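Everything on this sheet refers to the single structure shown next.
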Amino acid sequence: MKEKLLSEFERVFGGTEDARVFFAPGRVNLIGEHTDYNGGHVFPCALTIGTYAVARRNGMDTCRLYSMNFEDKGIKYFDISEIEYDKEEYDWANYPMGIISLLNEEEEKVTEGIDMLVFGNIPNSSGLSSSASLEVLTCFVCRELFEFEMSNIDMALLSQRAENEFIGVNCGIMDQFAIAMGKKDNAIFLDTATLNYEYAPIKLEGAKIVIACSNKKRGLGDSKYNERRSECESALASIQTKKDIKSLGDLSTAEFEEVKDVIGDEVKTRRAKHAVYENVRTLDAVAALKNNDVETFGKLMNASHVSLRDDYEVTGIELDTLVENSWKAEGVIGSRMTGAGFGGCTVSIVKEECVDAFIKSVGDAYLEKIGYAADFYVVDIGDGPAEL
Ligand code: GLA
């Protein structure tokens, strides 16, 4: 991989002098969906697939960015002191541009241009956070090339701000945190209200994590993501007239049931219900895993999907077809949509000896119902960003 990236860099930028190779992972969330902007808990892990970069300082004021995933677009040029959102041609370059722009907001950390070639092996718009991966990667590349101090948690926070302020998606902290803080063979149990976190070893005892990509493309910006977020905020504001809480994540299910009538809107009540119950499911799921009770963990994953389908309404026919067929397949411990939803991927825990049959049966049923194929990935849990 390294050789291939370097030779591509040489072809695009002419020479590999001072060029260094970096990687940042993608992520999959095991449980705790749409809880991170509601002050709840999440349980994601970094993957061994992700985004690679070859980069160097170039001694100019201009940055030159090139993506092997969008070869036909060629090089994106921009001046470090004049960074503007690109509405037209270089959609992908907005992620690194957002990062560099924020890094230089208060003091100039990126003091000269960079040449950077990127290549991602996460399917785009799949819900495995190809965008957060590129954001954290760019931040990491700049930190290493310009040798400034910044913790990995601060890199995650800056990357989230880039997504919120530069890209315009009001995402929570989960993706950027999972990527910046990833640890091989561990999921991250994160309290998004405090950023307290704990690593939890994932011992699935003869089972594998299988991701199914629906191939229904989704862009967070044009999805109903921001709408869900404001529905939850509005439900919270109503509850706060009765109860002194900071976020929906502060409520137990019993407390929610007691106070929910104050919301006064059927749809918003269901949105808030999901946020509260999903947070509690996440706490229960992590406790189950600590007791080596993978069966209970799987059942909670299934319940998470039902809630995302019926109360939060972020699944759709593609994700439901994948998950509902996964539930029927032999050796499946649990299956649910993962990420923002509206297309993208599902995550399933499948007994090792059943993985091939699982891919075949779910793949066939999906193709028959939806009319195009899904892609399957048996994934491993990897580390956070690194220089290779
Ligand atoms: C996207 C966002 C995350 C999170 C998930 C849903 O991936 O970027 O912050 O809200 O959706 O759990």
Side-chain angles (χ1 to χ4, degrees), residues 24-47 50 94-95 98 122-136 153 156-182 187-193 195 197 211 213-214 217-233 247-249 271-272 274-279 281-282 285 300-301 304-305 307-309 311-316 319 336-347:
R27 70 96 187 89
V28 66
N29 187 23
L30 298 178
I31 194 161
E33 215 65 84
H34 289 280
T35 49
D36 67 343
Y37 50 85
N38 284 310
H41 293 75
V42 292
F43 198 50
C45 43
L47 298 171
N94 287 316
Y95 299 99
I122 313 170
N124 286 323
S125 305
S126 62
L128 302 180
S129 288
S130 56
S131 44
S133 176
L134 181 53
E135 287 158 358
V136 173
I153 293 185
L157 288 165
L158 184 123
S159 299
Q160 181 200 13
R161 264 187 65 213
E163 183 87 35
N164 295 164
E165 294 169 18
F166 198 81
I167 306 294
V169 175
N170 272 328
C171 68
I173 188 63
M174 171 170 73
D175 304 347
Q176 292 81 3
F177 197 99
I179 289 165
M181 298 296 288
I188 307 173
F189 179 40
L190 170 68
D191 179 349
T192 63
L195 294 194
Y197 68 98
I211 288 172
C213 181
S214 68
K217 295 290 181 227
R218 153 202 78 83
L220 277 186
D222 53 45
S223 75
K224 295 199 170 283
Y225 185 90
N226 288 350
E227 184 185 297
R228 289 295 178 279
R229 187 167 179 154
S230 54
E231 286 164 343
C232 287
E233 278 161 6
S247 67
L248 293 175
R271 306 298 191 241
H274 167 79
V276 172
Y277 279 70
E278 179 76 355
N279 182 44
R281 265 192 294 275
T282 307
L300 290 162
M301 286 175 77
S304 164
H305 186 84
S307 174
L308 289 156
R309 182 189 67 194
D311 286 335
Y312 219 63
E313 296 181 283
V314 292
T315 58
L319 292 172
R336 56 182 288 277
M337 59 149 269
T338 184
F342 313 104
C345 289
T346 68
V347 57

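Since the structure is predicted, the reported quantities are computational estimates derived from the model, not experimental observations. Indexing begins at 1, ligand by ligand and atom by atom, following the structure's order.
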- Query: N279 versus L248: any side-chain heavy-atom pair under 4.5 Å?
  - Reply: no
So for R27 against ligand 1, with non-hydrogen atoms under 4.0 Å, the contacting part is side chain
Near Y37 (heavy-atom distance under 4.0 Å), the atoms of ligand 1 are 10 (O)
(request) Return yes if some donor-acceptor pair links the side-chain N/O of R309 with the main-chain N/O of V314 below 3.5 Å, else return no. (result) no
Looking only at heavy atoms of R228, does any of them come nearer than 4.0 Å to an atom of ligand 1? no
Numbered in order shown, the ligand 1 atoms found under 4.0 Å of a heavy atom of Y225 are 1 (C), 2 (C), 3 (C), 4 (C), 9 (O), 10 (O), 11 (O)
If we number the atoms of ligand 1 from 1 as shown, the ones under 4.0 Å from a heavy atom of G172 are 9 (O)
Q | side-chain hydrogen bond (donor to acceptor under 3.5 Å, both in side chains) assessment of S304 paired with R336 | A | CA-CA 7 Å; S304 164; R336 56 182 288 277; 3.0 Å; yes
Here the atoms of ligand 1 under 4.0 Å from any heavy atom belonging to G339 are 6 (C), 11 (O)
With a 4.5 Å limit on heavy-atom distance, are the side chains of V347 and L30 in contact?
-> yes
Check: With a 4.5 Å heavy-atom cut-off, do Y197 and I153 have their side chains touching?
Finding: yes
One finds that the ligand 1 atoms under 4.0 Å from a non-hydrogen atom of M174 are 4 (C), 5 (C), 12 (O)
Of T35, V42, D175, I31, the one whose closest heavy atom lies nearest atom 1 (C) of ligand 1 is D175
For C171, the ligand 1 atoms with a heavy-atom partner under 4.0 Å come out as 2 (C), 8 (O), 9 (O)
- Taking the inter-plane angle between the rings of H34 and H274 on a 0 to 90° scale, is it parallel (under 30°), tilted (30 to 60°) or perpendicular (over 60°)? perpendicular
